[in-house]
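Throughout, residue positions are numbered sequentially from 1 according to the sequence presented.
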Amino acid sequence: MKKPSSRSGDISLKEGLEALVRAYRLQGKLNEVTVVSSWERVMGKAVALKTQEVYVNKGRLFVRLTSAPLKHELLMAKTRVAELINTEVGETVIKEVIFL
């Protein structure tokens, strides 16, 4: 079977998607979605079960918890929580964590 010839100017799908994300300035929003989707993986199942809502707004991570003792414990470690989340994403997305 004959291989398709490579034309000049062809780019890979990955390069095309990266160019699209850059052109429409979507990287920030993609990072925010990654933060929300990785909450359970980063914080663990026990914390995720007591988490009611997670969202990001202007570099701040808002987390609504159903357990007051857990909220108090996480308040003491909110800098560490931000570090863990940012490490998971691979760049600094979260500047502050607010527990509701």
Side-chain angles (χ1 to χ4, degrees):
M1 182 177 242
K2 190 176 173 185
K3 275 182 149 180
S5 63
S6 178
R7 297 176 289 188
S8 76
D10 285 354
I11 60 172
S12 70
L13 180 60
K14 179 182 177 185
E15 292 169 337
L17 289 174
E18 288 171 350
L20 188 68
V21 167
R22 274 192 311 276
Y24 287 100
R25 297 183 193 140
L26 297 173
Q27 191 61 52
K29 202 58 162 165
L30 285 173
N31 287 342
E32 290 177 4
V33 170
T34 303
V35 165
V36 172
S37 67
S38 64
W39 176 254
E40 181 178 345
R41 185 173 50 257
V42 171
M43 297 307 295
K45 190 93 170 156
V47 173
L49 287 172
K50 295 181 192 243
T51 302
Q52 193 172 28
E53 183 180 17
V54 179
Y55 63 95
V56 179
N57 187 7
K58 298 179 183 173
R60 296 182 300 184
L61 175 65
F62 293 87
V63 182
R64 187 175 309 279
L65 298 167
T66 58
S67 167
L70 177 62
K71 177 181 175 182
H72 180 70
E73 189 176 326
L74 289 176
L75 273 170
M76 305 306 252
K78 66 186 198 175
T79 306
R80 180 71 179 131
V81 170
E83 289 173 1
L84 289 170
I85 294 289
N86 287 330
T87 301
E88 177 72 20
V89 176
E91 62 182 273
T92 304
V93 177
I94 303 302
K95 295 172 185 67
E96 182 182 9
V97 180
I98 300 168
F99 294 102
L100 306 171

Q) At their closest point, which heavy atom of Ala82 faces which heavy atom of Ile94, and how far apart are they? A) CB-CG2, 4.2 Å

Q.
I need the Leu49 CG to Glu40 CD distance, nearest 0.5 Å.
A. 7.0 Å

Q | Heavy atoms from other residues, nucleotides or ligands near CD of Glu73 exceed 12 (cutoff 6.0 Å) | A | no

Q | Rounded distance [0.5 Å steps], OG1 in Thr34 versus CD1 in Ile85 | A | 10.5 Å

Q | Identified side chain to side chain contact (heavy atoms under 4.5 Å, CB included) counterpart of Asn31 within the set Asn86, Val56, Val89 | A | Val89

Q | Residue pairs involving residues 61-100 (criterion ring-ring contact (aromatic ring centres under 6.0 Å, His included); sequence neighbours excluded) | A | Tyr55-Phe62

**Q.** Any side-chain heavy-atom pair of Met43 and Thr51 under 4.5 Å
**A.** no

**Q.** With sequence neighbours excluded, residues passing salt bridge (Lys or Arg N to Asp or Glu O under 4.0 Å) with Arg41
**A.** Glu88

Q. Heavy atoms, side chains only, cut-off 4.5 Å: are Val63 and Leu74 in contact?
A. no

Q. Atom CG in Leu70, atom CG in Leu75: separation rounded to 0.5 Å?
A. 9.5 Å

**Q.** Contacts of type side-chain contact (heavy atoms from CB on, under 4.5 Å), residue Thr66, not counting sequence neighbours
**A.** Lys50, Gln52

(Q) With a 4.5 Å cut-off on side-chain heavy-atom distances among I, L, V, M, F, W and Y, is there a chain of contacts connecting Leu20 to Leu30? (A) yes

(Q) My understanding is that a hydrophobic cluster links ILVMFWY residues whose side chain heavy atoms are under 4.5 Å apart, including indirect links. Using that, what else belongs to the cluster containing Leu17? (A) Leu13

Q: Sequence neighbours left out, what pairs pass salt bridge (charged side-chain N to carboxylate O under 4.0 Å, His left out) with at least one residue falling in residues 53-71?
A: Glu53-Arg64

Q: Can you tell me which residue pairs pass the salt bridge (charged side-chain N to carboxylate O under 4.0 Å, His left out) test with a partner in residues 90-100, sequence neighbours excluded?
A: none

